[in-house]
Amino acid sequence: MRVAFFGGTFDPIHRGHLRLASATADAYALDRVLFVPVGNQPLKPGPTVASYADRLQMARLACNPAPPQPATGNQQPATDPRFAVSTLDIPRSDGSPNYTVDSLAALARELPSASLFVLTGADSFLDLRRWRSPDRLLALAEWIVVSRPDFPLSESQFAPLALTPAQRARVHLLATVHEEVSATALRRRLQARDPCTGLLPPAVADYIQTHGLYR
Ligand code: ATP
């Protein structure tokens, strides 16, 4: 079983995240992609805008939209059966940060026979040396790093990470994703009452609207 850990703030989850997940699942024959909203992200300044509960619920809706409602004509796109949402990075009771290395180690204990992968966009991977225990992170799982506009994938770009040849062999690059969307830009647009049609899964857009998020 090939299982991928895809962590993020998902504030909110958007088309870029889903495209990254489906492109990597297709290219690397992943059986399962676990979307893991992070409770307390140690590397991002300040708290998230939406609560953990809302971000978790939006991730669940993106992965498992409600069945079509004939009465309202609400047609949500079909769920990708490889996608699931995990609470591995639920906020800690003492408010301390959630470190990917801890959640990944827990996942490895839970699924001892699985091949584990971590999915990231190129921008996050470039920060790897700031993550807690980068060498252990590279030992616990193989990594799939995906292109993002303004963050092209190239060997020279990764030089500052000083990966050993053995570590480099565990990092796979997927340069076929070109999604010009970021949660930061979406939050700004939502605040200006732009519904961001096409950039958010419809069930997520409905949730944001109903709960008055990002206003
Ligand atoms: P923000 O704009 O607030 O930083 P974000 O979407 O980059 O939001 P996260 O939700 O933490 O932040 O992203 C989770 C992961 O998804 C990260 O590894 C990030 O690099 C990746 N990602 C996000 N958007 C894209 C995109 N458009 N293309 C490729 N990867 C992306």
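Heavy-atom basis, side chains included; hydrogens, waters and symmetry copies ignored. Whatever order the structure lists them in is the order used to number ligands and atoms, beginning at 1.
Contact annotation for Glu180 and ligand 1: no heavy atom of the residue comes within less than 4.0 Å of the ligand. Contact annotation: for Ala185 versus ligand 1, there are no heavy atoms closer than 4.0 Å. Here His17 has side-chain heavy atoms under 4.0 Å from ligand 1, and that is the only part of it that gets that close.
A 4.5 Å side-chain heavy-atom check between His172 and Thr24 finds every atom pair outside the cut-off. For the pair Phe158 and Val145, the minimum side-chain heavy-atom distance is below 4.5 Å. The shortest distance between side-chain heavy atoms of Leu34 and Phe6 does not fall below 4.5 Å. Two residues are said to be in side-chain contact when any heavy atoms from C-beta on lie closer than 4.5 Å; Phe5 and Thr100 meet this criterion. Looking at heavy atoms from C-beta onward, Arg129 lies in side-chain contact with Asp135 at the 4.5 angstrom threshold. Using a 4.5 Å heavy-atom cutoff, the side chains of His211 and Asp206 are not in contact.
Annotation: atom 17 (C) of ligand 1 to nearest protein heavy atom, Ser124 OG, 3.2 Å. At the top of the distance list for atom 29 (C) of ligand 1, counting protein heavy atoms only, stands Ser147 O, 3.5 Å. Nearest non-hydrogen protein atom to atom 10 (O) of ligand 1 is Phe10 N, 3.0 Å. Shortest contact from atom 9 (P) of ligand 1 to any protein heavy atom: Thr9 OG1, 3.5 Å. In terms of protein heavy atoms, atom 3 (O) of ligand 1 is closest to Thr184 OG1, 2.8 Å. Arg148 NH1, 2.7 Å is the protein heavy atom nearest to atom 7 (O) of ligand 1. The closest protein non-hydrogen atom to atom 21 (C) of ligand 1 is Gly121 N, 3.8 Å.
Atom numbering of ligand 1 starts at 1 in the shown order; those under 4.0 Å from a heavy atom of Lys44 are 1 (P), 3 (O), 4 (O), 8 (O), 9 (P), 11 (O), 12 (O). Within ligand 1, counting atoms from 1 as listed, the ones closer than 4.0 Å to a heavy atom of His14 are 6 (O), 24 (N). Ligand-side atoms of ligand 1 in range of Gly8: 11 (O), 14 (C), range being under 4.0 angstrom from any heavy atom. Each of the following atoms of ligand 1 lies closer than 4.0 Å to a heavy atom of Phe6: 15 (C), 16 (O). Contact atoms of ligand 1 toward Thr120: 18 (O) (distance under 4.0 Å to a heavy atom of the residue).
Gly7 counts as a contact of ligand 1, since one of its heavy atoms falls under 4.0 Å from the ligand. In this structure, Arg15 falls outside the shell of residues with a heavy atom less than 4.0 angstrom from ligand 1. Residue-ligand proximity: Val146 is placed with every non-hydrogen atom at 4.0 Å or more from ligand 1.
Considering both main-chain and side-chain atoms, Leu119 never comes within under 3.5 Å of ligand 1 through any nitrogen or oxygen pair. Looking at ligand 1, you won't find any N or O of Leu20 less than 3.5 Å from one of its N or O atoms. Looking at Ala183 next to ligand 1, an N or O pair under 3.5 Å apart turns up. Polar contact with ligand 1: absent for Asp11 (N/O pair, distance under 3.5 Å).
When the options Asp123, Val38, Leu126 are ranked by their closest heavy atom to atom 20 (O) of ligand 1, first place goes to Asp123.
Formation of a donor-acceptor pair under 3.5 Å by the Thr87 side chain with backbone atoms of Ile90 is not found in this model. Between the Glu179 side chain and the Val181 main chain, no donor and acceptor come within less than 3.5 Å of each other.
Listed by chain and number, the residues in a ring pair (Phe, Tyr, Trp, His ring centres under 6.0 Å) with Tyr99 amount to none (sequence neighbours excluded). Considering only residues two or more places apart in sequence or on other chains, Tyr52 meets the ring pair (Phe, Tyr, Trp, His ring centres under 6.0 Å) condition with none of them.
Scanning all heavy atoms of the two residues, the minimum distance from Ser147 to Leu153 falls at N-CD1, 3.6 Å.
If you check the side chains of Ser154 and Ser156, you find a donor sitting under 3.5 Å from an acceptor.
Taking the six-membered ring for Trp and thresholds of 30 and 60 degrees, Trp143 and Phe125 have ring planes inclined between 30 and 60 degrees apart.
For His17 and Phe35, the ring centers are positioned 6.0 Å apart or more.
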